[in-house]
Amino acid sequence: MRHGQGFSDLEDHLDDLRRRDMYRVRRSLEGPQGREVLVDGRPLLNFCSNDYLGLAGDSRIAAAFKRGIDRWGTGAGASHLICGHTAAHEELEEALAEFTGRPRALLYGSGYAANVGVINALLSVGDFVFEDRLNHASLLDGGWISRATFAWFQHRDTADLDAKLAAVRDQPTRKLVVSDGTFSMDGDPCRLDELVALAKHHGTWTMIDDAHGMGVHGENGVGLVDPQRYSIADVPVLVGTLGKAFGTAGAFVAGGESLVETLIQRSRNYVFTTAMPSALAVATLESLAIAKADPGRREHLAALIARFRNGTRELGLKLMASTSPIQPVVVGDPARALALSRALEERGFLIGAIRPPTVPHGTSRLRITLTAAHQSSDVDRLLESLNELSVCASPEGSRS
Ligand SMILES: *Cc1c(COP(=O)(O)O)cnc(C)c1O
């Protein structure tokens, strides 16, 4: 595994991953996303998707997608700045700006592209980026690629962030504080009030990626960054994704006029990529309308989350401080996470084992996610199986 051997060591690396139970394989679904999915010809109760509102397989959104294709065709044909930008993109951007209470919104092909593209457009050599230790990979990659000076702060530890900001207080360059809104692998929310206060105190900007909060929490499903509470001065850069609660694909950045115009000029992941299909924008307009108008889905989901948490408490199972649909059960060791995932599959559940590098070493877990498509009885069945498999009998590796 040394330099000079070219790529002859790829197989060794793969073997090493297999030996350490870190090898990843993809499962092919044989039908649409939903409460139940078909895998290897067998229906499994799906407890690992990010389709929080159960909209990815919704027939109304599929119908809108088809209408969109009839109107706009399949491909956008070019980037937004050449000739790929359409009235459908424009309409979705306006709807997302209104939804988030921001003057403007800008579409990206994915959340990954948006996060890397935004941080890169805003920061350069000599600037500073401060990131929560458990931020999503795309936020970390954006920070590294920007060539700004990169600083971690401990997870949700605003005192640590405060100290790090104070240390560069006299530097006149740009400073950006970056955090997941709801952390993707732990399900806990960032301390938004404190982040906003710190950013104001130190004269920095705050960027929140609310990929898992949007559609799920707040008035009309607006997420953690409720515009009634957080102005654009509080959270100048807001990122949302469309492939999770909204059930389609893509992402957007919401913010002020000068932010969005800067991104259009300078964000490489925006400029040098083909626009998303207009039909996708049409479909997303439909899902946004459904998500906003249907609080019943959010209420049902909140009830399922409470039911799951109460049930696990009764079983003596330790959960993380999550009020979101992400309810991970940390088991520590990757081999144990894999074994549990397989045992649950035998009992009819699809739940992935999340291992490093997605999560820190020693914190491999079952990342259980609940969606509005689940029924109370599904949650009860899952609790029963977790109990039978003695998932709670492994305190080692669980963390507070
Ligand atoms: C899923 C996710 C992304 C990436 O979004 P995609 O549209 O899937 O590329 C970004 N940030 C967070 C926090 C996520 O969970």
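In each ligand, atom 1 is the first atom listed, and ligand 1 is the first ligand listed. By convention here, the first residue in the shown sequence is residue 1.
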Legend entry - Near-ring test Phe183/His155, centroid separation under 6.0 angstrom: yes
Legend entry - Pair Asn50-Tyr52, side-chain donor/acceptor within less than 3.5 Å: yes
Inset, instruction - For ligand 1, note which part of Asn115 has a heavy atom under 4.0 Å away: side chain, backbone, both or neither. - result: side chain
Legend entry - Protein heavy atom at shortest distance from atom 4 (C) of ligand 1: Tyr112 N, 3.6 Å
Legend entry - Ring centres under 6.0 angstrom apart (Tyr270, Tyr108): yes
Legend entry - Check: Arg367 and Cys48 side chains under 4.5 Å, non-hydrogen atoms: no
Legend entry - Closest approach of any protein heavy atom to atom 2 (C) of ligand 1, naming residue and atom: Lys244 NZ, 2.3 Å
Inset, instruction - Give the ring-plane orientation class for Phe47 versus His374, where under 30° counts as parallel, over 60° as perpendicular and anything between as tilted. - result: parallel
Inset, instruction - Could you tell me the residue and atom name of the protein heavy atom closest to atom 7 (O) of ligand 1, and the distance to it rounded to 0.1 Å? - result: Gly111 N, 2.7 Å
Legend entry - His212, any N or O under 3.5 Å of ligand 1 N or O: yes
Inset, instruction - Could you tell me if any non-hydrogen atom of Gly243 lies under 4.0 Å from any atom of ligand 1? - result: no
Inset, instruction - Identify whether the distance between the nearest side-chain nitrogen and carboxylate oxygen of Glu384 and Arg347 falls below 4.0 Å. - result: no
Legend entry - Structural part of Ser110 in contact with ligand 1, heavy atom criterion under 4.0 angstrom: both
Inset, instruction - Distance to 0.1 Å, residue and atom name: give those for the protein heavy atom nearest to atom 13 (C) of ligand 1. - result: Asp209 OD2, 3.1 Å
Legend entry - Side-chain touch Leu280/Pro277, heavy atoms, less than 4.5 angstrom: yes
Inset, instruction - Using a strict 4.0 Å cut-off to heavy atoms of Ser184, name the atoms of ligand 1 that fall inside it. - result: 15 (O)
Legend entry - Distance filter under 4.0 Å to Ala211 heavy atoms, resulting ligand 1 atoms: 11 (N), 12 (C), 13 (C), 14 (C), 15 (O)
Inset, instruction - Measure up the Phe128 and Phe130 rings against each other and bin them: parallel (under 30°), tilted (30 to 60°), perpendicular (over 60°). - result: parallel
Inset, instruction - Would you mind listing which atoms of ligand 1 come within a distance below 4.0 Å of any non-hydrogen atom of Asp180? - result: 13 (C)
